[in-house]
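Values reported hereafter were calculated over all heavy atoms of this structure, with side chains retained and with hydrogens, waters and symmetry mates removed. The shown structure was predicted, so the numbers you read here are calculated from the model rather than taken from an experiment.
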Amino acid sequence: MPDLSKSDISPKSIPPRGSHIVILTGAGISKESGLDTFRDADGIWSRVRWQDVATPEAFARDPDKVHAFYNMRRARNKSLDLQPNAAHVALARLEASWPGQVLIITQNVDTLHERAGTKNLLHMHGLHAQARCNHCGHVVEWSGDMSMQDICEGCSQPGGMRPNVVWFGETPMYLDKISDALRDCDLFVSIGTSGNVYPAAGFVQVAQRHGCHTAELNLEPSAGASLFAEAHYGPATVTVPAYVDALLKAI
């Protein structure tokens with residue numbers, strides 16, 4: 001892979017002032033902050049069967065095992081003292097400086113985007129740092145261990161608290177808002193995604209159908225790379241700041 005520098009990033013299309021930009025981010029953007037990915041060769045699903053810990057059926061069958069997995073993930077992430085990287089910071093800067101709307105849609109369940117300063121943000125796969133009650137749907141912030149003994153603050157019932165993340169077989173969050181945003185945007189950028197996870201992998205086609213310019217920023221071509229009008233490959237901490245610089249310099 002070639003060594004990229006800022007001079008290598010030259011967007012093929014700059015949206016006009018006041019236009020809408022939608023950005024999808026995946027595990028690749030947080031990997032450079034030290035977070036494990038799920039689908040890489042050495043990712044989490046190479047070590048743990050997702051069927052055992054990341055489905056509603058798994059939770060119904062063995063909730064203690066599911067809780068143990070997510071308790072381990074929370075504890076590990078906390079021990080690493082993870083910080084937003086240059087790519088997260090660049091996207092927050094784009095949102096603050098672009099003379100139009102910038103929406104970040106993330107598949108990641110960490111809080112690195114908001115810690116970098118992003119405000120207009122949709123976590124389509126939920127958040128590790130939240131719990132949701134299976135009985136009443138009440139959502140609360142959660143930082144420690146979770147168990148079947150926890151009592152919901154909303155309905156006062158035990159046994160229903162679970163991580164507020166989207167498991168396999170469940171519908172991602174905010175799909176109506178995302179669909180509206182993709183119809184209205186002028187530029188759609190996908191960053192650090194594998195292109196294997198739907199419905200997110202199909203967002204580029206939705207945006208294109210509505211006349212939107214599309215770009216992929218990734219470490220290497222994704223499964224859907226051929227669908228994008230342009231692409232820039234390299235570490236997110238290099239490509240994303242450079243791409244944002246080019247956009248802002250053009251306004």
Spell out, yes or no, whether [X] and [Y] are grouped together once hydrophobic residues are joined by side-chain heavy atoms under 4.5 Å, including indirect joins.
| X | Y | value |
| --- | --- | --- |
| Leu121 | Val240 | yes |
| Ile178 | Phe228 | yes |
| Leu103 | Met124 | yes |
| Phe203 | Tyr174 | yes |
| Phe59 | Met161 | no |

>> I need the single residue from His123, Arg132, His125 that forms a side-chain hydrogen bond (donor to acceptor under 3.5 Å, both in side chains) with Asn164. Which is it?
In response: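 Answer after filtering His123, Arg132, His125: Arg132.
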
Distance, nearest 0.5 Å, that separates [atom1] of [X] from [atom2] of [Y]:
| X | Y | atom1 | atom2 | value |
| --- | --- | --- | --- | --- |
| Ile14 | Ile251 | CD1 | CD1 | 10.0 Å |
| Thr25 | Leu217 | OG1 | CG | 11.5 Å |
| Leu182 | Lys177 | CG | NZ | 14.0 Å |
| Gln107 | Ile29 | CD | CD1 | 11.5 Å |
| Ile21 | Asn120 | CD1 | CG | 12.0 Å |
| Asp110 | Glu114 | CG | CD | 7.5 Å |

>> Under the rule for ring-ring contact (aromatic ring centres under 6.0 Å, His included), what residues qualify as partners of Phe188, not counting sequence neighbours?
In response: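 Phe188 satisfies ring-ring contact (aromatic ring centres under 6.0 Å, His included) with no residue once adjacent residues are dropped.
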
>> Under the rule for ring-ring contact (aromatic ring centres under 6.0 Å, His included), what residues qualify as partners of His88, not counting sequence neighbours?
In response: His113

Work out which heavy atom in [X] is nearest to a heavy atom in [Y]; give both atom names and the distance.
| X | Y | value |
| --- | --- | --- |
| Ala246 | Pro11 | CB-CD, 3.4 Å |
| Asn196 | Ala201 | N-CB, 4.3 Å |
| Ala92 | Gly117 | CB-C, 3.8 Å |

Are the side chain of [X] and the backbone of [Y] linked by a donor-acceptor contact shorter than 3.5 Å?
| X | Y | result |
| --- | --- | --- |
| Thr55 | Ala58 | yes |
| Trp98 | Ser19 | yes |
| Lys31 | Ala236 | no |
| His67 | Pro163 | no |
| Ser179 | Leu175 | no |
| Glu32 | Thr237 | yes |
| Arg162 | Val165 | yes |
| Asp150 | Ser147 | yes |
| Ser33 | Leu35 | no |
| Asp186 | His20 | yes |

Taking NZ, NE, NH1 and NH2 as the nitrogens, is one of them in [X] or [Y] under 4.0 Å from a carboxylate oxygen of the other?
| X | Y | answer |
| --- | --- | --- |
| Asp180 | Arg183 | yes |
| Arg93 | Asp245 | yes |
| Asp62 | Lys65 | no |
| Glu216 | Lys12 | no |

Quick one: does [X]'s side chain get under 4.5 Å of [Y]'s, heavy atoms only?
| X | Y | value |
| --- | --- | --- |
| Gln157 | Ile151 | no |
| Ile191 | Asn218 | no |
| Lys78 | Leu80 | no |
| Met148 | Asp64 | yes |
| Leu247 | Pro15 | yes |
| Ile104 | Leu24 | no |
| Cys185 | Cys212 | yes |
| Met146 | Arg74 | yes |

>> If you apply the rule side chain to side chain contact (heavy atoms under 4.5 Å, CB included), what do you find for Val66 with Arg61, and how did you get there?
In response: CA-CA 9 Å; Val66 174; Arg61 181 173 62 249; over 6 Å; no

>> Can you see whether Thr193 engages Ser222 through a side-chain donor-acceptor pair at a distance of less than 3.5 angstrom?
In response: no

> Between the side chains of Gln83 and Asn85, does any donor sit under 3.5 Å from an acceptor?
Replying inline: no

>> For a side chain to side chain contact (heavy atoms under 4.5 Å, CB included) check, start with the C-alpha distance between Leu219 and Tyr233, then their side-chain angles and the critical distance, and finish with the verdict.
In response: CA-CA 5 Å; Leu219 186 61; Tyr233 298 115; over 6 Å; no

> Is there a side chain to side chain donor-acceptor pair (under 3.5 Å) between His210 and Gln208 once you walk through the steps?
Replying inline: CA-CA 5 Å; His210 292 88; Gln208 283 179 331; over 6 Å; no

> When you look at CD of Glu170, are more than 12 heavy atoms from neighbouring residues, nucleotides or ligands closer to it than 6.0 Å?
Replying inline: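 Buried by this count: over 12 neighbours within 6.0 Å.
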
> In this structure, which one of Val189, Leu248, Leu91, Leu94 forms a side chain to side chain contact (heavy atoms under 4.5 Å, CB included) with Tyr243?
Replying inline: Val189

> For the residue pair His128 and Tyr70, does the interplanar ring angle fall in the parallel (under 30°), tilted (30 to 60°) or perpendicular (over 60°) class?
Replying inline: perpendicular

